[in-house]
Amino acid sequence: MLKALSGGSFSRDFTASIVVFLVAMPLCMGIAVASGVPPEKGLITGIIGGIIVGLFAGSPLQVSGPAAGLAVIVFEIVREQGLSALGPILILAGAIQVIAGVARVGGWFRAISPAVVHGMLAGIGVLIVVGQFHVLFDDKPLSSGLSNLIAMPGQLLGLTNQDAATAFAVGLVTILGMLGWEKFRPASMKLVPGALVGVVLATLVAFALNLPVARVVVPESILSAITPPEAGLMAQLLNPTVITTAIAIAFIASAETLLSAAAVDRMHDGVRTNYNKELSAQGVGNLLCGFAGALPMTGVIVRSSANVQAGAKTRLSTILHGIWILAFVALLPWLLREIPMAALAGILVITGVRLVSVAHVKHLFHLYGPLPAIVWAATLICVVATDLLTGVLVGIGLSLLELLPQARKLGLKVEEESRGEAHEIALRGTATFLNLPKLSAKLESLPAAGLVILNVERLGHIDHTCAEMVREWVERRRKAGNPVELFGATGKMRQFAA
């Protein structure tokens with residue numbers, strides 16, 4: 001940290017922190033609303049994710065905060081168990097993450113099939129869109145994704161209601177302002193986020209015309225929004241429902257965080273992620289969020305990519321963005337109370353649509369055939385039709401089908417040989433997600449510079465999870481100017497050599 005303050009990177013980190021702050025503010029509040037809790041709960045999570053997790057994170061340029069990926073499960077918790085149950089669940093989930101990080105199991109989360117993860121995110125995206133569609137009309141989401149979907153035509157038919165039509169118009173102003181800015185903004189202002197422009201535009205319209213729309217409600221003091229767990233915490237922590245839900249949140253939050261960290265690593269050439277350290281830092285953050293009565297957190301790709309693109313060099317930018325959120329809500333709460341709820345819903349509708357990445361499933365189908373695409377679709381459908389955990393478990397179960405033809409020969413040998421400045425890695429056997437942590441650790445331990453020869457002549461089979469990891473590793477090395485040669489590549493591995 002002292003190095004960041006004294007080095008030449010301070011000005012870039014300072015500028016990047018402002019950009020991330022502007023991106024994070026509307027998202028923190030919007031995700032809280034989508035989760036069925038007051039907006040200030042999301043702001044508290046953003047503050048903890050910036051200042052505390054930023055200090056200890058294993059991925060220095062990743063930004064943590066409330067995530068759209070957990071909004072659906074939090075909404076269910078609050079609806080079925082009440083807001084008071086969220087604190088104990090997060091305390092237990094955070095403890096699980098800390099223990100997992102200390103036990104060095106962070107790498108195993110990368111072994112989850114990318115088809116499952118992206119199918120889960122796509123399902124969450126659909127649920128956010130159909131839920132927040134109703135908030136666009138100043139209405140409340142219904143109890144399930146299917147119910148929200150079925151009720152959507154009725155909302156449009158109800159536009160004869162003047163107040164609903166006004167709220168919908170404000171939401172459209174947000175969406176059009178956000179998309180229009182992202183498409184036509186001048187190059188000199190490319191770091192100004194579209195979400196901020198959309199919210200500011202809608203807020204100005206609602207204020208200038210004194211429109212009768214629902215607005216954000218935040219307390220005078222952020223301290224009054226902190227709600228420690230109630231008496232009987234130990235009894236709640238031993239509740240089977242709390243334990244099951246905490247495990248689900250810990251699993252999903254960890255998977256999303258570490259996959260986001262891997263994506264952030266592909267965006268820059270700086271320090272690589274320490275997955276176990278990042279997992280423990282997230283656990284500390286969720287522990288604190290539990291004691292503060294806030295939302296769960298993960299590493300989030302939208303804010304993280306904004307951080308990298310804005311030129312951040314160290315963790316200082318993440319920490320500063322948390323300080324800016326704290327200063328804003330402490331000094332200017334009256335300004336937040338002018339924001340229309342429909343404006344936040346508009347941002348989340350766009351966020352949800354973008355989570356449904358059809359391009360990713362096309363990529364999986366093109367490279368690895370129909371099974372990953374089926375896993376993606378099944379995960380998406382089950383998340384929407386049942387619940388998040390069921391969808392993920394169904395996806396993981398289907399991804400195991402890829403192991404069946406190789407059930408009798410699942411071993412993988414990874415052998416390294418130095419040839420001057422070049423290193424040869426020979427793979428023998430079957431590479432599946434079961435071997436991914438070992439293979440990933442070996443590839444990441446290679447010297448940053450110099451030729452690497454990846455000998456796959458005696459590699460009998462590689463599943464799509466392992467293949468995606470190897471493909472990304474090859475791309476990252478080549479992008480950094482370090483050659484990688486594949487020897488004996490056939491089939492899908494041949495495409496990596498292209």
A.B. asks: Just how far is it from atom CG of L43 to atom CG of L27, taken to the nearest 0.5 Å?
C.D. replies: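 Rounded to the nearest 0.5 Å, the CG-CG separation comes out at 11.0 Å.
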A.B. asks: So, does S35 use its side chain to make a donor-acceptor pair with the main chain of I31 at under 3.5 Å?
C.D. replies: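 Yes; judged by distance alone, with no hydrogens or angles, the pair exists.
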A.B. asks: Quick check: closest heavy atoms across A195 and I347, and the distance to 0.1 Å?
C.D. replies: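 So the minimum-distance heavy-atom pair works out to O-CD1, 3.7 Å.
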A.B. asks: Using a 3.5 Å distance criterion without hydrogens, assess whether the side chain of R185 forms a donor-acceptor pair with backbone atoms of V192.
C.D. replies: yes
A.B. asks: Counting only heavy atoms not in R104, do more than 12 sit closer than 6.0 Å to its CZ atom?
C.D. replies: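 No, the 6.0 Å shell around CZ holds no more than 12 heavy atoms from other groups.
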A.B. asks: Measure the OG1-CD distance between T298 and Q97 for me, rounded to the nearest 0.5 Å.
C.D. replies: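 Answer rounded to 0.5 Å: 9.5 Å.
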A.B. asks: Any side-chain heavy atom of P372 within less than 4.5 Å of one from F365?
C.D. replies: no
A.B. asks: Just by distance, do the side chain of T257 and the backbone of S254 share a donor-acceptor pair under 3.5 Å?
C.D. replies: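 Not a single qualifying donor-acceptor pair exists.
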A.B. asks: Compare all side-chain heavy atoms of V384 with those of L149 and state whether any distance is below 4.5 angstrom.
C.D. replies: no
A.B. asks: Counting neighbours of NZ on K438 that are heavy atoms of other residues, nucleotides or ligands and sit closer than 6.0 Å, is the number greater than 12?
C.D. replies: yes
A.B. asks: When you measure from the side chain of S17 to the backbone N and O of L320, does any donor-acceptor pair fall under 3.5 Å?
C.D. replies: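 Flag not set: sc S17 to bb L320 has no pair under 3.5 Å.
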A.B. asks: Which pair of heavy atoms, one from C382 and one from G391, lies closest together, and at what distance?
C.D. replies: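 Taking C382 first and G391 second, the nearest heavy atoms are CB-CA, 3.6 Å.
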A.B. asks: Counting only N and O atoms by type, is there a donor-acceptor contact under 3.5 Å from the side chain of N286 to the main-chain atoms of A93?
C.D. replies: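 Absent.
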A.B. asks: For E402 and H464, indicate whether the former's side chain and the latter's backbone hold a donor-acceptor pair under 3.5 Å.
C.D. replies: yes
A.B. asks: Working note: V20 + I18, criterion side chain to side chain contact (heavy atoms under 4.5 Å, CB included); need CA distance, chi angles, decisive distance, verdict.
C.D. replies: CA-CA 6 Å; V20 179; I18 301 295; over 6 Å; no
A.B. asks: Can you tell me how far the OG atom of S113 sits from the CE atom of M120, to the nearest 0.5 Å?
C.D. replies: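 Answer for the OG-CE pair, S113 versus M120, is 11.5 Å.
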A.B. asks: Provide the closest heavy-atom pair for F251 versus I112 in the form atom of the first, atom of the second, distance.
C.D. replies: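 Looking at all heavy atoms of both residues, the closest pair is CZ-CD1, 3.6 Å.
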A.B. asks: So E182 and P193, do their side chains get closer than 4.5 Å, heavy atoms only?
C.D. replies: no
A.B. asks: Do any side-chain atoms of residues 442-452 form donor-acceptor pairs under 3.5 angstrom with protein atoms, and if so which ones, sequence neighbours left out?
C.D. replies:
| residue | atom | partner | partner atom | Å |
| --- | --- | --- | --- | --- |
| K442 | NZ | E416 | OE1 | 3.0 |
| E444 | OE1 | R476 | NH2 | 3.3 |
| E444 | OE2 | R476 | NH2 | 2.4 |
| S445 | OG | A441 | O | 3.4 |
| S445 | OG | K442 | O | 2.7 |

A.B. asks: Determine whether C289 and M297 satisfy the following criterion, side chain to side chain contact (heavy atoms under 4.5 Å, CB included), listing intermediate values before the conclusion.
C.D. replies: CA-CA 8 Å; C289 286; M297 74 170 60; 3.5 Å; yes
A.B. asks: Please name the pair of heavy atoms, one in W181 and one in P186, separated by the smallest distance, quoted to 0.1 Å.
C.D. replies: CH2-CD, 4.2 Å
A.B. asks: Would you name the heavy atoms of S64 and G299 that are closest together and state the gap between them?
C.D. replies: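 Minimum heavy-atom contact is OG-CA, 4.0 Å.
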A.B. asks: Just verifying a value: how many Å separate I462 CD1 and N435 CG, rounded to the nearest 0.5 Å?
C.D. replies: 9.5 Å
A.B. asks: Let me know which of L393, T379, V375 forms a side chain to side chain contact (heavy atoms under 4.5 Å, CB included) with L398.
C.D. replies: V375
A.B. asks: Test E475 against R478 for salt bridge (Lys or Arg N to Asp or Glu O under 4.0 Å), laying out the working first.
C.D. replies: CA-CA 5 Å; E475 285 185 355; R478 287 177 173 171; over 6 Å; no
A.B. asks: List the steps, then state whether side chain to side chain contact (heavy atoms under 4.5 Å, CB included) holds for M152 with H134.
C.D. replies: CA-CA 7 Å; M152 286 174 71; H134 297 285; 4.1 Å; yes
A.B. asks: Could you check whether any side-chain N or O of D463 sits under 3.5 Å from a backbone N or O of F433, counting only pairs where one atom can act as donor and the other as acceptor?
C.D. replies: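 Looks like yes, one N/O pair under 3.5 Å.
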A.B. asks: What is the distance from atom NE2 of H321 to atom CZ of R303, rounded to the nearest 0.5 Å?
C.D. replies: 7.0 Å
A.B. asks: For residues 51-58, dump all side-chain donor-acceptor pairs below 3.5 Å to protein atoms at least two apart in sequence or in another chain.
C.D. replies:
none

A.B. asks: Among N307, V63, V302, L191, find the residue that satisfies the side chain to side chain contact (heavy atoms under 4.5 Å, CB included) test when tested with V23.
C.D. replies: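 Exactly one candidate clears the test, V302.
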A.B. asks: Has the side chain of T174 got a donor or acceptor atom that lies under 3.5 Å from a matching backbone atom of V170?
C.D. replies: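 Such a contact is found between T174 side chain and V170 backbone.
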A.B. asks: Does the side chain of L427 come within less than 4.5 Å of N455's, by heavy atoms?
C.D. replies: no
A.B. asks: Show, in sequence, the C-alpha distance, side-chain angles and deciding distance for V126 and I124, and conclude whether the side chain to side chain contact (heavy atoms under 4.5 Å, CB included) test is met.
C.D. replies: CA-CA 5 Å; V126 171; I124 289 167; over 6 Å; no
A.B. asks: Just by modelled atom types, is the I301 backbone N or O under 3.5 Å from a matching donor or acceptor in the S305 side chain?
C.D. replies: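 Indeed, once roles are kept as given, a pair shorter than 3.5 Å links the two residues.
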A.B. asks: Before accepting this row, confirm whether a basic side-chain N of the pair E278/R315 lies closer than 4.0 Å to the acidic partner's carboxylate O.
C.D. replies: no
A.B. asks: Can you say whether the rings of H363 and Y368 are parallel (under 30°), tilted (30 to 60°) or perpendicular (over 60°)?
C.D. replies: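 Rings of H363 and Y368: perpendicular, over 60°.
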A.B. asks: Does any non-hydrogen side-chain atom of V33 lie less than 4.5 Å from one of M341?
C.D. replies: yes
A.B. asks: Give, for atom OG1 of T273 and atom CG of L258, the distance between the pair rounded to the nearest 0.5 Å.
C.D. replies: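 Reported value, rounded in 0.5 Å steps: 8.5 Å.
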A.B. asks: For a quick test of reading the model, state the closest non-hydrogen atom pair linking T45 to P296 and the distance between them.
C.D. replies: CG2-O, 3.8 Å
A.B. asks: Compare all side-chain heavy atoms of I96 with those of I247 and state whether any distance is below 4.5 angstrom.
C.D. replies: yes
A.B. asks: Determine whether V284 and V98 make a side-chain contact, defined as any pair of heavy atoms from C-beta on separated by less than 4.5 Å.
C.D. replies: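 Touching, per the 4.5 Å side-chain cut-off.
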A.B. asks: Any non-hydrogen side-chain atom of V135 less than 4.5 Å from a side-chain atom of Q132?
C.D. replies: yes
